[in-house]
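Small disclaimer: the values here were computed from a predicted structure and weren't measured. Basis for what follows: all heavy atoms, side chains included, without hydrogens, waters or symmetry-related copies.
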Amino acid sequence: MAEQKKNVAKSPAEEAPAKKTAKAAPAKKTVRRAAEKKEPAVKTVVTEEAAAVGEALVTPVVKPIAPVMPEPRRSVAFIGSECYPFVKTGGLGDVMYALPKALTKQNCDVKVILPRYRCIPEKWQDKMVYRGEFMMDLCADGHKYYVGIMEYVWDGVVYDFIDNEEFFNWGTPYTNLVDDIPKFCFFAKAALAALNYMNWVPDIIHCHDWQAALVPVFQQAMFGGTPVASAKTVLTIHNLRFQGIYNTETVKYWTNLPDALFDYAVLQQDWVNANMLKAGLSYASMITTVSNTYAGEIQTPFFGENLDAHLRYHNHKLRGIVNGIDVDLWNAETDALLAANYNAQNVLTEKRKNKKALQEQLGLEVDDGKFVIGLISRLTNQKGLDLINAIMPQLIDGNTQVVVLGTGDPRYEASFRYFEQTYKGSVCANIMYDEGRAHGIYAGADALLVPSLFEPCGLTQLIAMRYGTVPIVRETGGLKDTVQPYNQFTDEGNGFTFDRYEAGLLLDAINRAKTLYFEDRARWDEMVLRDMDKDVSWDNSAAQYRALYISLKP
Ligand code: ADP
């Protein structure tokens, strides 16, 4: 135990004068309540004054009183590598923003711990307030690192940014594993040490993906006997493909974890490599992933990314909880980035204004009669882009336009640029990351394509439905759990789906969508309304996370 304690970061008061070995950032000394149900139960009471006037009053004066919060209150520290609007590269960033916000409305006290990347826009950096600093042991050779804490409180959530310029001074959050492995070994330990330093010990530490997966491991191996040891840990898998695998000697050096943990049950992956996610799965009190279907899929060899056996072994503590979206952020009625705002009442007349604006902006033929298909995605082989490439010539039939937004694998960037050249006016390839354009496509397209090979949850289909854009998806992971296939006999469903990963089946699903769009617009429009009406908010899933936290800390 003495050995373990040695590794715990001490406050500056306990520590020798802190030498800033890492080029520490000059620490700038700049210096609701909701019910367990879906909607906040805002009770209203008729005031006494109003009652006294009695029947004579036509409109009683109504005073809202605070909605009732579910009890008990629980405190949660979220630890992850990205969070909208500070830094976002994909769905993890959305979840790290929206879930804490939703949890605060369900009586949770939430702190989000993030790296203070240099690429966080100045606008946010300026709002951060210096919270403290200390030196922390990290490496096997005893090398210590500076840990600064910068804080920003916003919308009921406390954001604490771990500051160290040596690790976080790049223009992007992720670079390559050579840099990212040390960066996230440091981050995971610094986050725990920061909780002790701030004397804020949560009931639950909720870690996200491989970048925070060492948190439960450090907690149990090195923070025993310190306040933070009492917290229960939840590790959420947002995408099992990324695991933080690197050669064992390097991971040993950067973590200084005991040799005993470099075992096949914990960190060891194969003869040469350690696997950070695998270790986190072993040590977390509970594992979650972002949909029920994906929770089952990852226990099979096809989706298991070589961890299926490990996950089967730990499946007694594995749950699937589907993601939601922030319905205030994604709201066609108030979205400032749209050409025309709309809601379920006027969608059929107003949405087309966004379609026109999109066609004009992107140099597509401006024609309301065309069927516009959007694709907003990282361009990787996860996303089913090979299927789209295979059918593009059949897709562009004179009545259809395709708008792609994404960056990633150069071969997909090149193929979409090629299609743009070949089908001028019908295909537009936006090879970029652009929030504004994404909003324009969600609102302006008729349908959104998500034909993924695998999809842990997927957010784009949820956003599309919220904007009255019909999803066309493959039945895998969260896509299967969130898009009910259209049934032409009962006139139910939210989108068009296909099962096996085959180009012909994707084409068939798109053709079924086109048939309804061109031949039975009334039924298409009913589906648009059903989609806008579907509950894709976080309310339900946040309640499930809350229940999980309470089951761990009754
Ligand atoms: P993943 O996390 O695998 O990338 P998700 O569907 O879970 O996929 O989340 C993708 C998120 O990133 C969505 O909010 C989507 O709008 C956004 N997004 C993806 N690509 C782009 C892009 N090129 N420009 C703007 N937003 C994008």
Whether [X] side chain and [Y] backbone form a donor-acceptor pair below 3.5 Å:
X	Y	answer
N341	A332	yes
K351	A445	yes
N196	V228	yes
N256	L138	no
S452	G384	no
W210	L277	no
T293	G478	no
K183	P173	yes
K534	V483	no
Q359	G444	no

Taking atom types as modelled, find out whether [X] and [Y] have a side-chain donor-acceptor pair closer than 3.5 angstrom.
X	Y	value
T236	H206	yes
D409	T380	no
Q125	R118	no

Can you tell me how far apart [atom1] ([X]) and [atom2] ([Y]) are? Round to the nearest 0.5 Å.
X	Y	atom1	atom2	value
I441	I376	CD1	CD1	4.5 Å
R74	D203	CZ	CG	5.0 Å
K553	S285	NZ	OG	9.0 Å
K232	Y549	NZ	OH	15.5 Å
E82	D94	CD	CG	8.5 Å
L240	D209	CG	CG	9.0 Å

[Y] and [X], any side-chain heavy atoms less than 4.5 Å apart:
X	Y	answer
T460	S377	no
V322	N540	no
Y97	K88	no
D163	M128	no
F187	I113	yes
Y174	F242	no
F78	L103	yes
L453	Q382	no

Side chain to side chain donor-acceptor pair (under 3.5 Å) partners of [X], counting only residues at least two apart:
X	answer
D141	Y253
N381	R241
N323	none
D531	N494

My understanding is that only residues two or more places apart in sequence, or in another chain, count here; which of them pass salt bridge (Lys or Arg N to Asp or Glu O under 4.0 Å) with [X]?
X	value
D481	none
R131	E151
D155	K101
D179	none

Centre of W200's six-membered ring, under 6.0 Å away, within 45 degrees of the axis: is that where NZ or CZ of K111 sits?
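Checked: cation-pi criterion met.
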
Taking only residues two or more places apart in sequence, or in another chain, which ones meet T334 in a side-chain contact (heavy atoms from CB on, under 4.5 Å)?
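Only N331 meet the side-chain contact (heavy atoms from CB on, under 4.5 Å) criterion with T334.
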
By side-chain contact (heavy atoms from CB on, under 4.5 Å) - contacts of A339 (at least two apart)
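Counting only residues at least two positions away or on another chain, A339 forms a side-chain contact (heavy atoms from CB on, under 4.5 Å) with N354, A357.
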
Of the non-hydrogen atoms in D434 and L405, which two are nearest, and what is the gap between them?
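Closest approach of D434 to L405, heavy atoms only: O-CD2, 3.7 Å.
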
W330 and Y442 aromatic centres sub-6.0 Å:
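Yes, close enough.
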
Tell me if the centroids of the rings in F161 and F86 come within less than 6.0 Å of each other.
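Yes, they do, as the ring centres are separated by less than 6.0 Å.
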
Show your working on side-chain contact (heavy atoms from CB on, under 4.5 Å) between E333 and Y342 and close with a plain yes or no.
CA-CA 5 Å; E333 200 165 8; Y342 58 93; over 6 Å; no

Quick one, F416 with L385, criterion side-chain contact (heavy atoms from CB on, under 4.5 Å). Give me CA distance, side-chain angles, the key distance, then yes/no.
CA-CA 10 Å; F416 287 121; L385 308 173; 4.2 Å; yes

Does K252 NZ have over 12 foreign heavy atoms under 6.0 Å away?
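Atom NZ in K252 is packed in, count exceeds 12.
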
More than 12 heavy atoms of other residues, nucleotides or ligands under 6.0 Å from CH2 of W154: is that the case?
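Counting other residues, nucleotides and ligands, CH2 of W154 exceeds 12 neighbours.
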
L214 and L267: side-chain contact (heavy atoms from CB on, under 4.5 Å), yes or no, with the steps?
CA-CA 10 Å; L214 284 186; L267 264 158; 4.2 Å; yes

With side-chain contact (heavy atoms from CB on, under 4.5 Å) as the test, would you mind laying out the steps for L257 and M222 before giving the verdict?
CA-CA 8 Å; L257 284 165; M222 291 183 162; 4.2 Å; yes

Output every pair passing salt bridge (Lys or Arg N to Asp or Glu O under 4.0 Å) with a member in residues 453-471, not counting sequence neighbours, ordered by first then second residue.
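Sorted pair list: K383-E455.
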
Tell me which pairs pass salt bridge (Lys or Arg N to Asp or Glu O under 4.0 Å) where either residue lies in residues 167-176, with sequence neighbours left out.
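Salt bridge (Lys or Arg N to Asp or Glu O under 4.0 Å) check on residues 167-176 returns no pairs.
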
